[in-house]
Visitor: 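Mind having a look at this structure? Questions to follow.
Labels below follow one simple rule: chain letters A, B, ... track the order of the sequence lines, proteins then strands, and each chain is numbered from 1.
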Number of protein chains: 2
Amino acid sequence: MKNITPQQQKVLDCIQVYINKTGFPPTRADICKELGFKSPNSAETHLRALEKKGFISIESGTSRGISINNPEIVENNNEYPIVGLVAAGSPTLASENVEKTLNCPKGFFGSDFDYFLRVRGLSMKDAGIMEDDLIAVKKTQEIRNGDIVIARIEDEVTVKYFQRTAPNIVHLKPANQDFKDIEVNLEETELFIEGKSVGLIREN
Amino acid sequence: MKNITPQQQKVLDCIQVYINKTGFPPTRADICKELGFKSPNSAETHLRALEKKGFISIESGTSRGISINNPEIVENNNEYPIVGLVAAGSPTLASENVEKTLNCPKGFFGSDFDYFLRVRGLSMKDAGIMEDDLIAVKKTQEIRNGDIVIARIEDEVTVKYFQRTAPNIVHLKPANQDFKDIEVNLEETELFIEGKSVGLIREN
DNA sequence: AATTTTACTATATATTTATACAGTATAATG
DNA sequence: CATTATACTGTATAAATATATAGTAAAATT
């Protein structure tokens, strides 16, 4: 995807706005009217440039045959479950754990995610994670040092920074001086990583 | 919304499938081709019936001017502008201040809001507002003590707690010990409230 | 039983629309 | 310095398209 010029961006926006408003793409004349051009060829050349750069597709010989190339916007929305931090047991998606669902565009946080976790306590306060915040959790085992993970140690679920200090030693670090580090020896204690935080939502 | 006949449902489905596939609505001829009709008037009469029953809208004199009436899904979402904290001047919605837009369901934070403000600095750190967070700002003058407001004092825009301590005295309180209280005497200094925070989004 | 709705074929045409061609001018790139 | 990309106006036209008109026939409604 090459660089878009400001004018081409205007044309692209104009197309998107037109589709949002009417449900179908504009004609060359429609674009001219909207942007003040006096020749249909002004729109035509912009469309050709946008097509060449990969921003749109044009179906030749077809009226209003413009489509915006944006795979992200397709199948946009989704209802994501909000689960509470259950004291005992993992935050499963079983219906008794789901307080409600939240409609959120897919890929809202850049990355995919699976559910929202409602935060209890202030152990990650200095990371800007407050009580009742919703953490967007992606179920994954691909964890790097410094990631904020949702971890389960023997029926206890917590949100902490992940830090592997030795092949068998993992530190779960809070972001709050009042809480203490949890050092887990993987040979002695079972540690299950539910996933990691990819975003956060606060409603106030 | 009256009863749809099976054949009309087929036509409606055909339109939806065509839009999903191509990004724009079909012509009469396209519908005929898809459903095996031999006359464009077959499609035309079905379209008229669907319009009469309220399932679609037809823009007269417009090629491919068909839109599916679905009030639930339409208008659910919105593109909200993301504005940066401009050092001088208010965070207006002028295009030069808008870095990009974010698709977000309406009423996502319980309340309506107008734009997202990208946070600079750590003056509200203890309130869980970190650098680069997006604050959902509702433009309003209805502010209560304790609200997080976006305030402008002589070309300086800040995010702070609002606290009125006397009829003419307003304190703008940071949530970080390293920053100091701003006391504003409304008789001496002009204080403009842009709006208040109704929510927060963090992408990590 | 009469009328309306549904469900088509077939043909015609005014209008809409994409798109080519001929220019002008400035900025960016190699 | 030549070339390409950007950014337009203006005119023209073949093709795409909506839409009207004229029929036929079965099903549903009044």
Visitor: Please report the interatomic distance OG1(Thr165(A)) to CG(Asn168(A)), rounded to the nearest 0.5 Å.
Guide: 10.0 Å
Visitor: Within the structure shown, what part of the strands sits under 4.0 Å from Thr5(A) by heavy-atom distance: base, sugar-phosphate, or nothing?
Guide: sugar-phosphate
Visitor: Between Thr62(A) and Ala49(B), who's closer to the 5' end of DNA chain C by nearest nucleotide?
Guide: Ala49(B)
Visitor: CG of Leu47(A) versus C1' of dT19(C): gap in Å, rounded?
Guide: 11 Å
Visitor: Below the 4.0 Å mark, does dT19(C) have OP1 or OP2 next to a side-chain nitrogen or oxygen of Ser60(A)?
Guide: yes
Visitor: Starting from P on dA5(D), measure out to CD on Gln7(A) and report it in whole angstrom.
Guide: 18 Å
Visitor: What is the distance from CD of Gln8(B) to P of dA28(D), rounded to the nearest Å?
Guide: 13 Å
Visitor: Rounding to a whole Å, what distance do you find between Ile31(A):CD1 and dA7(D):P?
Guide: 14 Å
Visitor: How would you label the contact of Glu44(B) with the nucleic acid (heavy atoms, under 4.0 Å): base, sugar-phosphate, or nothing?
Guide: base
Visitor: Given atom NE2 of His46(A) and atom C1' of dA5(D), what is their separation to the nearest angstrom?
Guide: 11 Å
Visitor: Respond yes when some side-chain nitrogen or oxygen of Arg48(A) is under 4.0 Å from OP1 or OP2 of dT19(C), and no when none is.
Guide: yes
Visitor: Return whichever of Ser63(B) or Lys38(B) has its heavy-atom-nearest nucleotide of DNA chain C closer to the 5' end.
Guide: Lys38(B)
Visitor: For the pair made of CD1 in Ile4(B) and C1' in dT5(C), what is the distance, rounded to whole Å?
Guide: 15 Å
Visitor: Tell me the closest heavy-atom pair linking Ile201(A) and Phe109(B), and the distance in Å.
Guide: CG2-CE2, 4.0 Å
Visitor: How many whole angstroms separate atom CD1 of Ile56(B) from atom C1' of dA18(D)?
Guide: 13 Å
Visitor: Whether Lys196(B) and Asp147(B) form a salt bridge (side-chain N of Lys/Arg under 4.0 Å from carboxylate O of Asp/Glu) is what I want to check.
Guide: yes
Visitor: Should the pair Asp132(B)-Arg120(B) be classified as a salt bridge under the 4.0 Å nitrogen-to-oxygen rule?
Guide: yes
Visitor: What I want to find out is whether Asp133(A) reaches Arg202(A) closely enough, with some N-O distance under 4.0 Å, to be called a salt bridge.
Guide: yes
Visitor: For the side chain of Lys52(A), starting at C-beta, report the closest nucleotide among dA5(D), dT9(D), dC8(C).
Guide: dA5(D)
Visitor: Side chain of Arg64(B), heavy atoms from C-beta onward: which of dT17(D), dT17(C), dT9(D) has the nearest atom to it?
Guide: dT17(D)
Visitor: Phe113(B) vs Tyr80(B) aromatic rings, parallel, tilted or perpendicular, using cut-offs 30° and 60°?
Guide: parallel
Visitor: Should Ser42(B) be listed as having a side-chain N or O under 4.0 Å from OP1 or OP2 of dT9(C)?
Guide: yes
Visitor: Between dT9(C), dA18(C), dT9(D), spot the one nearest the side chain of Arg28(A), thanks.
Guide: dA18(C)
Visitor: With the side chain of Pro40(B) defined as its heavy atoms from C-beta on, choose the nearest nucleotide among dT17(C), dT11(C), dC8(D).
Guide: dT11(C)
Visitor: Is any side-chain N or O of Lys10(A) closer than 4.0 Å to OP1 or OP2 of dT6(D)?
Guide: no
Visitor: Let's test your reading of the model: under 3.5 Å, does the base of dT9(C) pair with the side chain of Asn41(B) as donor and acceptor?
Guide: yes
Visitor: Quick one: Ile58(A) CD1 to dT17(C) P, roughly how many Å, whole number?
Guide: 16 Å
